[in-house]
Amino acid sequence: MTTITQRLQLIRDQICEAECCYNRQPNSVLLLAVSKTKPAEAIAAAYQAGQRHFGENYLQEALKKQQELGAYAITWHFIGPIQSNKTKALATHFDWVHSVDSLKIAQRLSDQRPPHLPPLAICLQVNISDEPSKSGISLDELPQLCAQITKLPNLKLRGVMAIPAPQPDFEQQRSPYKKLYQAGAKLELETYSFGMSGDLTAAIAEGSTIVRIGTALFGDRN
Ligand SMILES: *Cc1c(COP(=O)(O)O)cnc(C)c1O
């Protein structure tokens, strides 16, 4: 049986190899372990193996696990769809939110960030494959929204996030990431949250700085 520790090592090796292969600085890509639907024990196992950044998609599920894991020095990232009535809890209980896709949500997160905490790190989610069913802004909207969000006092705009349509082919995996990286670089953004279990090498080749890995680390979700 493959353990979480072994899988974590395999993923770290894959990241290192991609950094090396595509002229990226060593350790320039952060591994975000996506633990949605997985129990607190799975997070604890990855933590014991040195993993510190975890991503969750569903607020209630995340809050429950955060309580169970209160003693662990985890950096929590929210990567799921955001409803307005959830912004206060997100602003209170997370270090990062990757899935911001409107000024309204950003404004609420800034207003509701507790004053004793550092600014909330955020990424703007871009619907890079222009899929009508997916959330995210279009690339055209990115410059204006960045300019508006930079002015909000309790947020720190870090960069962009995307979930492109799955592609089996390596070159096809690269092309939306290339476009997004170029758009982000023009705006001098530092964080590129893209790459999942199926396409992390293509994402790293195109400049990813955070890969969000679920299945390859924790196994299939039911
Ligand atoms: C579930 C999820 C992931 C992880 O996907 P895997 O294919 O399981 O690695 C990454 N990002 C987001 C936004 C997700 O919802």
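Ligands are counted one by one from 1 in listed order, and the atoms in each one are counted from 1 as well. Being a predicted model, the structure only gives us computed values, none of them experimental.
- If you chain together ILVMFWY residues whose side-chain heavy atoms come under 4.5 Å of each other, F170 ends up grouped with Y22.
- Residues passing the ring-ring contact (aromatic ring centres under 6.0 Å, His included) test with H53, sequence neighbours excluded: H77.
- By the salt bridge (charged side-chain N to carboxylate O under 4.0 Å, His left out) test, E17 pairs with no residue at all, sequence neighbours left out.
- Within 6.0 Å of the CD atom in Q148, the count of heavy atoms belonging to other residues, nucleotides or ligands exceeds 12.
- Taking the ring axis of F194 as reference, the NZ or CZ atom of R212 does not stay both within 45° of it and closer than 6.0 Å to the ring centre.
- Around ligand 1, the residues contributing at least one heavy atom under 4.0 Å from the ligand are V34, K36, N57, I79, M161, I163, M196, S197, R212, I213, G214, T215, R221.
- F78 and F94 have perpendicular rings, their planes meeting at more than 60° on a 0 to 90° scale where under 30° would count as parallel.
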